[in-house]
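Basis for what follows: all heavy atoms, side chains included, without hydrogens, waters or symmetry-related copies. Proteins come first, then strands; the chains are lettered A, B, ... in the order of their sequence lines, and each starts at number 1.
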Amino acid sequence: MSFVALVRRDLRLALRQGTDAFVSLLFFVLVLVLVPLAIGPEPQLLARVAPGLIWIAALLSVLLSLERMFQSEYEDGSLDQLALSGIPFALIVAAKVAAQWLTTGLPLLLAGPVLAAMLALPSHAQGVLLASLALGTPTLSLVGAIGAALVVGARRGGVLLALLVLPLYVPVLIFAAGAIDAAAAGLPARPHLLLLGGCLALSLPLAPLAAAAALKDALR
Amino acid sequence: MNLHRFANPARFLRIARVVAPVAGWIAFAALLAGAAFGLVLSPPDYQQSETVRIMYVHVPSAWLALQTYVAMAIAAAVALVWKHPLADLFVKAAAPVGAGFTLLCLVSGSFWGRPTWGAWWVWDARLTSMLVLFFLYVGYIALSGAFDDEERGRRAGTVLVLTGIVDVPIVKFSVEWWNTLHQPASVFRLGGPTIAAEMLWPLGLMVVGFTAFFVWIVCVRLETELLTRKLRARLENSPG
Amino acid sequence: MTAPRLAGRHLACRRGGRLVFRDLDLDLAPGEVLVLTGPNGAGKSSLLRLLAGLTPPEAGSLTLDGAPAERGGLAQTVALLGHETAIKSVLTVGEQIGAGGCGRDAALQAFDLLKLRDTPGRLLSAGQKRRAALARVLASGRAIWLLDEPTLGLDASSQALLMTAIEGQRARGGSVVVATHAPLDLATSRELRLGA
């Protein structure tokens with residue numbers, strides 16, 4: 001099995017299970033729909049909080065889909081078979097991250113601008129919102145994979161996962177929301193986006209290695 | 001039989017039996033002297049008056065909180081790369097101590113912030129990154145205790161600690177550019193400290209005391225863990 | 001195909017903080033079937049995972065044709081049937097076994113699964129899942145098979161298919177390690193009793 005075959009297998013799994021793939025998108029939408037109901041529908045207020053809220057919702061919905069990333073493979077013995085497939089572990093992780101991002105991160109990219117418009121985000125900030133989601137959500141999936149690999153086989157893995165991963169998400173949250181904030185205020189968003197890209201560039205090679213180390217331990 | 005994990009790290013135990021009591025007594029003496037100088041003998045600040053004395057707890061705990069994490073990360077790297085049997089034990093032994101220092105730093109900072117900034121908590125860069133550091137400690141402790149197999153918990157923990165060390169500077173810079181109110185460093189800086197000598201002395205004593213306390217407690221925790229293992233290995237090897 | 005000679009010297013294995021066995025010596029020549037027996041908890045499954053390179057030995061050494069066996073090397077050489085069958089409920093039998101082509105169909109045929117090739121995993125019975133997992137081992141074409149309780153849930157005719165497959169692997173020059181409680185109907189095999 002090659003990298004591409006692995007990604008295809010995971011995508012097939014996610015799409016055939018159907019509901020699973022869309023639950024996190026639905027969660028993202030629902031959280032953001034609740035916001036005007038909770039704080040009131042004034043456009044100025046919504047526009048002010050929209051960048052942060054969109055990113056908090058994105059972060060939580062990615063987190064929601066992380067728990068099953070390796071846990072279900074571990075429980076039904078597939079992780080053993082993957083380990084014996086002869087593909088390096090880091091590549092297995094990378095394939096699973098790619099599939100996870102395609103099924104949870106990419107839908108957020110499509111839904112984000114719609115919800116941002118509903119939350120009265122100025123239209124000139126939409127481009128930056130898209131850019132921040134495109135740069136930020138892969139980082140969330142990559143860093144999340146480390147957490148997901150660490151809690152494989154743990155008691156109460158889901159709650160533990162949130163505890164481990166959310167502190168690691170702080171920089172992404174700050175840079176991404178900062179970028180949209182800056183764009184909405186008519187300031188340059190480029191530095192924030194560059195830093196966000198830096199986070200992605202850092203986690204792209206390192207996260208699969210760390211997650212692979214954690215997975216090897218889980219299989220013992 | 002070559003079971004190096006079961007092999008009693010006798011050398012460490014021999015060293016620990018000397019180091020632990022010495023460190024313990026140094027901690028006791030330095031903390032006592034530091035407290036006496038800091039709380040009674042040193043002058044109040046001309047701006048902050050008596051509240052400045054919180055510094056003698058706040059600053060050492062902040063230093064130790066960070067240094068403990070760095071030490072844990074180095075030990076985690078050693079555990080992962082060289083599989084040194086003591087390294088991951090050290091990480092486990094140091095984590096609650098580091099978490100304690102971080103909490104002490106946050107709480108004392110909060111008490112200091114109330115009179116000087118007029119608020120118990122502000123979303124300032126240093127406070128926020130310290131809070132994230134606290135969550136990293138708590139995450140490690142929770143993770144290392146979440147498995148039926150203790151060893152698996154410790155090994156998972158080492159990966160988390162190393163991931164955290166990459167994250168800590170990024171968090172620090174991200175929140176620093178985001179918002180800042182905390183005063184800049186005043187002890188270690190180019191051109192000498194900007195802090196009065198009468199305050200620097202008790203501060204130094206407290207730092208020595210905190211560090212010695214850390215060494216003492218980690219030695220004791222490691223000793224306990226090793227003796228437990230030795231006992232378990234002996235039970236396993238005994239016939240019947 | 002000739003399987004490399006797998007040898008273990010003074011192996012010790014630790015699970016959940018407990019030593020399950022130690023000072024274990026083991027040899028597996030090409031064309032040989034080694035049957036692991038022993039009471040529950042003697043370390044049969046642990047030994048199989050150790051031989052698969054999933055668990056590093058606590059002590060001792062593992063060699064393939066005399067060279068130290070690394071995790072990567074073992075992962076290219078062995079096929080493992082574990083406790084869990086790793087059959088996904090939403091993928092069809094054909095999708096989860098081998099890389100496709102005639103090798104896969106032959107493996108499915110060997111375990112009488114050709115009719116179920118396009119059936120999703122959720123519709124399979126426990127025994128059929130077990131057979132599918134065995135077909136995956138066969139389709140892998142690996143030189144060393146490690147089978148953990150392969151007869152579990154198999155009826156008499158499926159057990160006969162399994163024996164045929166094991167004999168076939170042996171005839172090809174491959175080798176097999178089977179951990180089992182049930183007596184196996186094999187022409188020749190060597191027994192290694194754990195936890196004695």
- prompt: Taking the six-membered ring for Trp, are B:W123 and B:W121 parallel (under 30°), tilted (30 to 60°) or perpendicular (over 60°)?
  reply: perpendicular
Worksheet item: Do the ring planes of B:F90 and B:F214 sit parallel (below 30°), tilted (30 to 60°) or perpendicular (above 60°)?
Response: perpendicular
**OP:** Could you walk me through whether A:W55 and A:S132 pass the side chain to side chain donor-acceptor pair (under 3.5 Å) test, one step at a time?
**Re:** CA-CA 9 Å; A:W55 263 95; A:S132 79; 3.2 Å; yes
inquiry  = Looking at B:L106, is its backbone amide N or carbonyl O close enough to the side chain of B:S110 to form a donor-acceptor pair, meaning the two atoms are under 3.5 Å apart?
reply    = no
*Backbone N or O of A:L135 within a donor-acceptor pair of the A:T139 side chain at under 3.5 Å?*
yes
Any carboxylate oxygen within less than 4.0 angstrom of a Lys/Arg side-chain nitrogen, looking at B:E223 and B:K230? no
Under 4.5 Å to a heavy atom of chain A? For B:V166 that would be side chain
In terms of heavy-atom proximity below 4.5 Å to chain B, should [X] be classed as side chain, backbone, both, or neither?
| X | value |
| --- | --- |
| A:V143 | neither |
| A:L166 | neither |
| A:A149 | backbone |
| A:L168 | both |
| A:L150 | both |

With chain A, the option among B:L80, B:V168, B:L162, B:D148 that has the most non-hydrogen atom pairs under 4.5 Å is B:D148
Ranking A:A154, A:C199, A:G153 by heavy-atom pairs under 4.5 Å to chain B gives rank one to A:A154
